[in-house]
Amino acid sequence: MDENENDRREVSQEKMFTLKKWNPVAMWSWDVECDTCAICRVQVMDACLRCQAESKKDLYGKQDCVVVWGECNHSFHYCCMSLWVKQNNRCPLCQQEWSIQRMGK
Amino acid sequence: MLKEKGQLRFEDKWTYMRPIVLKLINQEPVSPSEWQELFYDVHLVCLWDEKGPQKLRDYLHKDIILFIKQAQTKVLAQRQEEALLKAYIVEWRKFFTQCNYLPTPFRQLESSLQGKTTAGSSSIQGSNIKKGQNDESIVRKLMLDSWNESIFMDIKMRLQDSAMKLIHAERNGEAFDSQLVIGVRESYVNLCSNPEDHLQIYRENFEAAYIESTEMFYKLKAPEYLAENGVQAYMKFADQKLKEEESRAQKYLEVGSNGVIQCCVNVLVGQPLPVLLAECAPLIKAGETDRLQLMFRLLERVPEGVQPILKELENHIVQSGLADMVAAADVITQDSEKYVERLLDLFRKFSKSVHEAFSDDPRFLTARDKAFKTVVNDTKVFSLELNTGRITGTKSVAPESKCPELLANYCDMLLRRTPLSKRLTTEEIETKLKDVLLVLKYVSNKDVFMRYHKAHLTRRLILDASADSEKEEDMVEWLREVGMPADYVNKLARMFQDIKVSEDLNTQFRASTARHDAINIKILNAGAWARGSERVTVSLPVELEDYIPDVEEFYKKKHSGRKLQWYHHMSNGTITFATNGGKFDLDVTTFQMAVLFAWNQRPHDKITYENLRLATELPDGELRRTLWSLVAFPKLKRQLLLFSPTQTNPKDFTEHTIFWVNQDFALIKNGKPQRRGKVNLIGRLQLSTERSQMEDNQSIVQLRILRTQEAIIKIMKMRKKITNAALQSELVDILKNMFLPSKKMIKEQLEWLIEHKYMKRDDDDINTFIYIA
């Protein structure tokens, strides 16, 4: 009976429901305005066409094929853009001179 | 020597030669000197007497005829069949042996007769060596022809008749000396001097007679037996007789004489074919594998004989399979384990009978597979409505079998920690998963399976509920092996990779701060997991809300250029519930948490539906569903929350319905309330709302349309010009690992592509398409 009284006391002191474990789930995605890369026409969340072809069945987990933003705020696969600028140093969407604002990580 | 030319006459020499020749013909002993003498004399005669060779041949002929006449008398003296045969064979063998000896001394004669036109003897010698074979020798031919003309022609009918009578007697079970018949046959074969076709005489006479008598015998016997003993006994009879005739033919006929078996098959199987075929269906129905095996052996011998059994087998599997499903409809539509087990039982049963009755003959395996396909994809028992939710006029979608959904459910039960997976050993689970893949082979809408499988996998990974993570990854590889489309499978593989990345991240997060023992974050790649639009808003209890900024702060330090979206409908946790009766751990969803924590400030209050809605900010549908799981959880005898007024359906909650915590909550075990315990209230983790379920269906239909267009273009690009029929079959081939495109859909997509100038119809033939680059 002692134990029972103990419990009662606990109940009155503690909250009725207490958190023991929480497993929250979140999804991340690139913070982009357009979710398709204008160069390879693949969604930026997926690896670009070239990367997909090269490493068909291997690790997708590590996002090696990152996204790059220009000063114009347009975004592309980094792989796609680095090939593009070799020919034409302008943003394919707005024709402004291309300079990297930031890279995805 | 020259002087003697002209003086040496054949007649003089013949007197010396003849006795030796006669001895040879009669198989009497000849001394070596006599043997040599004969060679010499033949040589002399041929060389010195111009007419010698011709004469020699004629005289020899006369003596041979004489001998044959004697032999004939001896043979014909026999009245009785067996004795006649015996006598004939004795004489024939003697004569035939001589055929090998007598020609030897007369080689020179042959050179002379043949070489009349050729000049030098050396070239004659040469040509002789070239021909060399004594079956081409003139003397031998002379001997055989003589035998043929003078004795054989006269008695061949008697010989044949006698032989056939003996065989007839043997068919009726009497024993006799088979050598007699064999001897006769040999004489027929050896007698033939036609170098082109040694078997001519044999075939035209002996074999023909044999076939005729065989046919006569069974034409009488077979219908009689059938009438007396019935089909099943007759099958055994026919099979046995065919075997007997085969071995008999081997004994009595030359190799390559297939006519008689053909004839037997025709009489024994071909004639009563309708009766036999009528027996197939009942035998298949009764599963009499032995008899079916017999039937198969028989019918296989006649052209088109197997076709009807194939049809019967297919019909039977489809009918009894579907009947079985319909009969068990109540159980199997609810319970995917029972459904799959039942399907597999069915498969095993029929595969076994195909194996036992038809020795896995490829034609029967195909029929079986075709039938399985029909059963698996049937929509009578249950169908999956791929309803897109909007009325799109012509674009209504035909219902499809629910089989892939149930298969995916079953996989989930095997791969998740469930009572089923706990009960089974690793090997058993592996076998069962392979079984699922076997059934999957027959499913035509495989894309539906993949969708459900992915949803289940998502749940397992998010709830950490996999029974065996190794098996999970094996399964992905097996799916790849059975030919599921690579992009589907890659997506699954990507989820595994991603969950590992997330685990690492969680470890780092927990190492970065001391106060987050209670939290276990999963931050996943939206590209691999999520269908963007389906987030549900909720106002988190402060206990949870507090963690969010910390996590986001941490994540921002690790990564840049990323945005986070919380998927609270997927998140979950464990809370401790302290009541009057004890303390209980509850596994709950975050939504359930949000609802329950509303009572923490006012444990004994009764709260209206409306106030709970304001507190949680959950959408109406979600709140109703969540509350229902707390007031009427099927596994609980005492529910967590109580409510009033009583309703039987969450839809009937009004904004005034009141809810309160059941202070007497307890887990009941063996009829007794427990003081401690753990219970899982998550049930099936909800991945999507009703709205997105509809979007899901729509996306599957949409995806199929795109895939079809894509495949048509692929084919057109390759072929440039193709007929409708060829296009359809190539299309099905490309798409069959995902789904079976309906005729209607193909037509619609063709029209669409034509309208949008990807291709056109041929001006001369509207059933041919041309690719437009």
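To find a chain, count down the sequence lines: A is the first, B the second, and so on, and within it residues start at 1.
- Within the 4.5 Å cutoff, the side chain of B/His559 has no heavy atoms near those of the A/Trp28 side chain.
- Residue contact with chain A, scored on non-hydrogen atoms closer than 4.5 Å, is absent for B/Phe496.
- When all heavy atoms are compared, the tightest approach of B/Glu543 to A/Lys15 is OE2-NZ, 3.7 Å.
- One distance of note links NZ of A/Lys21 with CG of B/Asp585; it measures 12.0 Å at 0.5 Å rounding.
- No more than 12 heavy-atom neighbours from other residues, nucleotides or ligands sit within 6.0 angstrom of OH on A/Tyr78.
- Taking all atoms of both residues into account, the shortest heavy-atom contact from A/Pro24 to B/Trp566 is CB-CZ3, 3.6 Å.
- Chosen from B/Ile499, B/Leu596, B/Leu564, B/Asn506, the residue pairing most often with chain A at heavy-atom distances under 4.5 Å is B/Leu596.
- Heavy atoms closer than 4.5 Å to chain A are found in the side chain of B/Val661, but not in its backbone.
- Taking chain A as the reference chain and counting heavy-atom pairs below 4.5 Å, the highest number among B/Ile575, B/Leu544, B/Thr590, B/Ile521 is found for B/Leu544.
- Proximity of a side-chain donor or acceptor of A/Ser29 to a complementary backbone N or O of B/Gly527 within less than 3.5 Å is not detected.
- The choice from B/His568, B/Lys563, B/Met593, B/Lys522 that makes the most heavy-atom pairs within less than 4.5 Å of chain A is B/Lys563.
- Summarising the local packing, CD of B/Glu553 is surrounded by 12 or fewer heavy atoms from other residues, nucleotides or ligands at distances under 6.0 Å.
- In plain terms, the two heavy atoms of B/Ser560 and A/Met103 that are nearest each other are OG-O, 3.2 Å.
- In summary, of the residues considered (B/Thr579, B/Thr576, B/Asn600), a side chain to side chain contact (heavy atoms under 4.5 Å, CB included) with A/Met16 occurs for B/Asn600 alone.
- If you tally non-hydrogen atom pairs under 4.5 Å between each of A/Leu19, A/Val68, A/Val67, A/Asn23 and chain B, the highest count goes to A/Asn23.
- When the shell of 6.0 Å around CD of A/Gln95 is examined, it contains more than 12 heavy atoms from other residues, nucleotides or ligands.
- A salt bridge links B/Arg494 with A/Asp46; the closest basic N to acidic carboxylate O contact falls under 4.0 Å.
- From A/Met27, atom CE reaches atom CE of B/Met570 across 4.5 Å, with rounding to the nearest 0.5 Å.
- Nearest approach of A/Trp22 to B/Ser571, heavy atoms of both residues: NE1-OG, 4.1 Å.
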